Visitor: 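Okay, here's the structure, questions in a sec.
Indexing begins at 1, ligand by ligand and atom by atom, following the structure's order. Since the structure is predicted, the reported quantities are computational estimates derived from the model, not experimental observations.
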Amino acid sequence: MKSLWSETPLPRFPALSGDAHTDVLIIGGGIAGILAAYMLEKAGVKYMLVEKDAICSGTTQNTTAKITYQHGLIYRKIMRAYGAETAKKFLCAHSAAFDEFARLCRDIECDYEIKDNYVYSLADRKKLEEEMAALDVIGCRAEFCEDVPLPIKTAGAVKIPGQAQFHPLKFIAGISKGLNIYENTYVREMIGNTARTDSGRIYAERVIAATHFPFINKHGAYFIKMYQHRSYVLALAGAEDVSGMYVDEADGGYSFRNYGDLLLLGGAGARTGTRCGAWEELRKLARSAYPAAQEKYHWAAQDCMSLDGMAYIGRYGKTTKNFYVAAGFNKWGMTGAMTGAMILRDIIIGKNNEYADIFSPHRRILHPQLLYNGAEAVKDLLTLSDKRCPHLGCALKWNSAERSWDCPCHGSRFSLDGKVLDNPANADMKK
Ligand code: FES
């Protein structure tokens with residue numbers, strides 16, 4: 001169950017031994033942490049990045065790697081919740097991230113290709129029209145398409161031309177060379193801004209948590225502000241070239257993009273630990289739409305979802321000092337991670353970033369998703385089961401497609417023999 005990208009060799013880094021001092025400690029070696037390290041390196045800041053396993057051994061290797069500022073039908077949603085100015089800032093922040101990828105990918109062999117991006121709806125044309133109207137208000141060039149070259153019937157699509165796709169781990173292999181990274185260095189505990197690892201302590205002036213799901217519970221309330229969503233991908237040979245990147249606006253819908261002569265068919269997802277179609281649903285679609293295609297890879301991706309569709313970038317908790325976070329990219333981890341890295345770099349070097357305020361992790365939390373997250377947590381805490389999650393004690397659910405124990409509360413996952421597979425849990429399941 002390894003992704004198409006994961007065979008790419010990445011640079012290896014030593015484990016940290018003993019104590020260390022640094023100006024900025026970055027915890028987490030996925031794309032968000034690595035881009036933050038890259039930005040600080042270029043800004044001349046003394047930093048170190050520590051990763052508990054190998055870099056990009058988690059979510060980053062499972063992305064479908066679309067680089068776009070079209071995050072589903074996000075703009076109508078932001079416009080409704082916060083107004084046009086915030087929607088415009090969201091667009092500008094992610095356009096700047098998109099441009100930064102374009103600049104960096106000029107010098108990195110990572111199969112970067114310009115492609116149009118489409119968000120389609122199976123039945124809700126009105127939503128698409130509302131998104132077109134929102135994009136028009138904030139000055140983003142988009143087109144309404146009556147039809148898309150996909151094997152499903154749609155009510156149309158919103159197209160933003162000139163977006164991009166790439167090979168994420170070839171990009172990481174290029175950008176991470178020479179960065180101050182330590183692998184196999186597990187931060188077990190934070191005491192203020194001092195990290196305790198298995199071999200010593202790291203004394204840091206400032207800390208960035210880039211751990212996918214923020215790992216400290218007592219600040220920031222991320223356990224109520226986020227949940228995780230799991231989705232599935234097949235890489236098919238002998239299917240057609242869809243010449244673009246496509247995603248359903250609906251939660252459990254499908255996504256399509258090509259890589260070389262493979263078609264990446266994704267989707268069939270749901271909140272982690274709840275019912276989902278998994279690969280069988282995708283295989284059924286593949287058999288009917290592309291009967292001659294052969295499956296070459298299959299894998300799953302796990303994403304952190306915020307309450308309002310925007311990432312949490314900035315101060316970790318209201319009272320934490322010099323402690324920052326970048327999380328909750330809502331399935332749009334490429335431009336989300338780059339936006340996070342650019343904003344956190346600016347905060348650290350004391351430069352004004354005009355987009356930082358809209359991503360504040362301490363913005364208002366009164367959204368319908370908050371009630372849903374709360375209700376799910378109460379239900380799972382009260383569910384009788386001898387398989388409990390070591391994170392906050394919810395009942396685990398058996399995932400038969402992946403043979404794992406999954407937590408519907410915040411998305412931790414455990415192997416059959418209890419080993420933690422996905423955070424925020426940082427301990428194994430008790431047997
Ligand atoms: Fe939080 Fe399971 S992930 S209780």
Side-chain angles (χ1 to χ4, degrees), residues 27-28 30 32 51-53 57-60 62 186-190 209-232 251 269-276 278 300-308 311-312 316-317 320 325-331 333 361 365 367-431:
I27 306 172
E51 159 58 43
K52 71 181 169 65
D53 299 312
S57 54
T59 303
T60 303
N62 297 326
Y186 198 159
V187 172
R188 300 279 176 188
E189 185 190 10
M190 293 301 300
T211 53
H212 184 62
F213 202 110
F215 70 118
I216 297 172
N217 293 323
K218 72 178 179 198
H219 299 291
Y222 295 98
F223 56 85
I224 193 76
K225 295 195 298 199
M226 292 210 307
Y227 72 96
Q228 297 202 64
H229 184 278
R230 196 146 181 89
S231 55
Y232 298 84
D251 231 14
R271 185 181 181 115
T272 303
T274 64
R275 196 181 165 281
C276 61
Q302 176 130 317
D303 293 286
C304 287
M305 313 297 284
S306 68
L307 294 173
D308 57 7
Y312 299 122
Y316 192 102
T320 53
V325 69
F329 302 130
N330 296 283
K331 304 194 219 174
I365 60 169
H367 298 278
Q369 188 63 44
L370 183 75
L371 291 178
Y372 193 88
N373 289 356
E376 184 68 48
V378 170
K379 184 180 89 187
D380 296 318
L381 281 166
L382 296 177
T383 299
L384 294 177
S385 165
D386 57 346
K387 300 284 184 203
R388 311 300 307 189
C389 178
H391 178 230
L392 294 175
C394 289
L396 297 171
K397 299 270 170 64
W398 177 242
N399 173 344
S400 57
E402 299 181 75
R403 299 188 58 73
S404 59
W405 289 99
D406 298 357
C407 183
C409 280
H410 317 106
S412 294
R413 298 178 57 250
F414 305 87
S415 66
L416 197 52
D417 60 355
K419 291 263 172 295
V420 63
L421 300 171
D422 284 288
N423 80 345
N426 63 359
D428 293 341
M429 175 181 85
K430 284 203 181 87
K431 283 185 256 171

Visitor: Determine whether the interatomic SG-SG distance for Cys389 and Cys394 falls below 2.5 angstrom.
Guide: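 Unbridged: Cys394 and Cys389.
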Visitor: Can you tell me if an N/O/S atom from His410 lies under 2.8 Å from atom 2 (Fe) of ligand 1?
Guide: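 Not a single backbone or side-chain N, O or S atom of His410 is under 2.8 Å from atom 2 (Fe) of ligand 1.
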Visitor: If the test is side-chain contact (heavy atoms from CB on, under 4.5 Å), which one of Thr60, Thr59, Asp303 qualifies with His212?
Guide: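 In the set Thr60, Thr59, Asp303, the residue that makes a side-chain contact (heavy atoms from CB on, under 4.5 Å) with His212 is Thr59.
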Visitor: Is the shortest heavy-atom distance from the side chain of Pro390 to the side chain of Asp428 under 4.5 Å?
Guide: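 Counting from C-beta outward, Pro390 and Asp428 never come under 4.5 Å.
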Visitor: Taking atom 2 (Fe) of ligand 1 as the vertex, how big is the angle to SG in Cys389 and SG in Cys407, rounded to 10°?
Guide: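 Here the angle at the metal atom is close to 110°, to 10°.
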Visitor: Closer than 4.0 Å to some heavy atom of Ser412 - which atoms of ligand 1 meet that?
Guide: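 It comes down to these atoms of ligand 1: 3 (S).
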Visitor: Considering heavy atoms of the protein only, find what lies nearest to atom 4 (S) of ligand 1 and give residue, atom and distance to 0.1 Å.
Guide: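 For atom 4 (S) of ligand 1, the nearest protein heavy atom is Leu392 N, 3.2 Å.
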Visitor: So which of the N, O or S atoms of His391 lies nearest atom 1 (Fe) of ligand 1?
Guide: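 Atom name of the closest N, O or S in His391: ND1.
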Visitor: Taking the side chain as every heavy atom from C-beta outward, state whether Arg403 and Trp398 have any atom pair closer than 4.5 Å.
Guide: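 Touching, per the 4.5 Å side-chain cut-off.
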Visitor: Taking C-beta and beyond as the side chain, do Arg413 and Arg230 meet within less than 4.5 Å on heavy atoms?
Guide: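 Side chain of Arg413 against side chain of Arg230, heavy atoms only: contact under 4.5 Å found.
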